[in-house]
*Asks:* 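Below you will find the structure I want to go over with you.
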Protein chains: 2
Amino acid sequence: MSGIEPDIENFKKAALQCPLPHAIELIGEKWAFLILRGAFNGLRHFEQFQAGLGIARNILSDRLQKLVGCDILKREPDPSDRRKVIYSLSPKGEALLPVVVALRQWGEDWCHGQSDIVLADQRDGKPVRRIRLMSEDGRELDLKDLMWLDRRTGTALRRGDSWDGKL
Amino acid sequence: MSGIEPDIENFKKAALQCPLPHAIELIGEKWAFLILRGAFNGLRHFEQFQAGLGIARNILSDRLQKLVGCDILKREPDPSDRRKVIYSLSPKGEALLPVVVALRQWGEDWCHGQSDIVLADQRDGKPVRRIRLMSEDGRELDLKDLMWLDRRTGTALRRGDSWDGKL
DNA sequence: CTAATGAGTTGCAAAACACAACTATAAATG
DNA sequence: CATTTATAGTTGTGTTTTGCAACTCATTAG
């Protein structure tokens, strides 16, 4: 036990400052991700989201407010029709593109099977590359190739080393 | 026919094929993703997940069953202690690695700020590459560089075009 | 044999959600 | 100008999901 004590401390700290829980709070609610996907596909108005996703109006209203509130979407009146409101992706929202595409690719691989319609590069019309985790020098990395590194102390630990204990 | 009709019909049609909603049903529930992160970090037993995530026992029980049911986790009795059960990632679960890491990186960029502890390559100890969407020939792609391509018909549409009535 | 551990289940209260109906403002129509 | 329609919501009500605490049951440790 004594040998891995510092590792345990680091893992505890890692869990506390892991950015995932916060990210999940924002986009992990039931409809938020589907609304986001709508936005990525060019949906912009309340009625479009509502009819397109089949979501209840009050829930949609709530989710849009939250997404705007955390700066994933921006909300602005439509200059061409002042009844309308335009919801569009902010930079923070656009930055979720790799997440959305990675999840889509996973769904294709493990749930659906390739769909006919694929994302492609406008420039040459070729389908986009598969999203994967890579090392600094470009090798593809798997779960077993990974470790956690504390950059201040230089402490390194293999995955799974210390979660057998308590925490 | 006014404004939204063609948009919504086309969106709905594409939505039926889109792998995202199904993927989200599996891992988009509030705790599912955090359980998954626990599994990626080496948590394996019920009590570890419970104490580590602070999740209610009945919810945890339900989520683990669902994750096992859709083959993201596998559940097996611990041979060394027959009270214990080992939950571990199946290949389908491991394949979510890019999604998890991409979301983590997004959280670092837009919510937290870089944390001290980073994922690194075991081989050389260097932090992993940033996950991003790339073209066939390796250029980084942004939302505005993308289009949808129907591989059977060869039909191509710019993002946003589609749902404004063309498809 | 007794106590403690591990993996759940059960019952109840609180929160989130779904559905329908309603409001307020702006635009289109006659 | 008066009336109708479109858009983006809000409100009220019932249902479903979640969270919390206490409990069971089998296995293991002392």
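Here the structure is a predicted model, which is why all the values come from computation and not from measurement. As a basis for the values below, the full set of heavy atoms in this structure was taken, side chains included, without hydrogen atoms, waters or symmetry mates.
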*Asks:* Could you state the CD1-P distance from B:Ile55 to C:dT9, rounded to the nearest angstrom?
*Replies:*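 Between P of C:dT9 and CD1 of B:Ile55: 14 Å.
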
*Asks:* In whole Å, I'd like the distance from the CD1 atom of A:Ile86 to the C1' atom of D:dT7.
*Replies:*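 After rounding, the reported distance stands at 13 Å.
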
*Asks:* Can you confirm whether A:Arg139 is buried at CZ, in the sense that more than 12 heavy atoms of other residues, nucleotides or ligands lie under 6.0 Å from that atom?
*Replies:*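 It does: A:Arg139 CZ has more than 12 such atoms within range.
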
*Asks:* OP1 or OP2 of D:dT18 sitting under 4.0 Å from any side-chain N/O of B:Trp31?
*Replies:* no

*Asks:* B:Ile35 has an atom CD1; how far is it from atom C1' of D:dT18, in whole Å?
*Replies:* 13 Å

*Asks:* What pairs of nitrogen or oxygen atoms, one from the protein and one from nucleotides 25-27 of chain C, lie under 3.5 Å apart?
*Replies:*
residue : atom : partner : partner atom : Å
C:dA27  : OP1  : A:Arg82 : N            : 2.9

*Asks:* For B:Leu53 and D:dG19, what is the distance between atoms CG and P respectively, to the nearest whole Å?
*Replies:*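 After rounding, the reported distance stands at 12 Å.
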
*Asks:* Write down the distance between CD1 (A:Ile59) and P (C:dA20), rounded to a whole number of angstrom.
*Replies:*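 In whole Å, C:dA20 P and A:Ile59 CD1 are 14 Å from each other.
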
*Asks:* Could you write out each protein N or O paired with an N or O of nucleotides 9-11 of chain D at a distance under 3.5 Å?
*Replies:*
residue : atom : partner : partner atom : Å
D:dG9   : OP1  : A:Arg75 : NH2          : 3.0
D:dG9   : OP2  : A:Tyr87 : OH           : 2.4
D:dG9   : N7   : A:Arg57 : NE           : 3.0
D:dG9   : N7   : A:Arg57 : NH2          : 2.9
D:dG9   : O6   : A:Arg57 : NE           : 3.2
D:dT10  : OP2  : A:Ser61 : OG           : 2.7

*Asks:* Do A:Trp148 and B:Asn41 pair up side chain to side chain, a donor and an acceptor below 3.5 Å, judged on atom types alone?
*Replies:* yes

*Asks:* Let me know the distance between CG of B:Leu60 and C1' of C:dT10, rounded to the nearest Å.
*Replies:*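 Answer to the nearest Å: 16 Å.
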
*Asks:* How close or far is atom P of C:dA7 from atom CG of B:Leu73, stated in whole angstroms?
*Replies:*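 Rounding to the nearest Å, CG of B:Leu73 and P of C:dA7 are 14 Å apart.
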
*Asks:* Between the side chains of A:Arg104 and A:Ser115, does any donor sit under 3.5 Å from an acceptor?
*Replies:*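 Yes, a side-chain donor-acceptor pair sits under 3.5 Å.
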
*Asks:* Given atom CZ of B:Phe49 and atom P of C:dG6, what is their separation to the nearest angstrom?
*Replies:* 15 Å

*Asks:* OP1 or OP2 of D:dT17 less than 4.0 angstrom from a side-chain nitrogen or oxygen of A:Lys30, does that happen here?
*Replies:* no

*Asks:* Under 4.0 Å: is that the gap between some side-chain N or O of A:His45 and OP1 or OP2 of D:dT7?
*Replies:* no

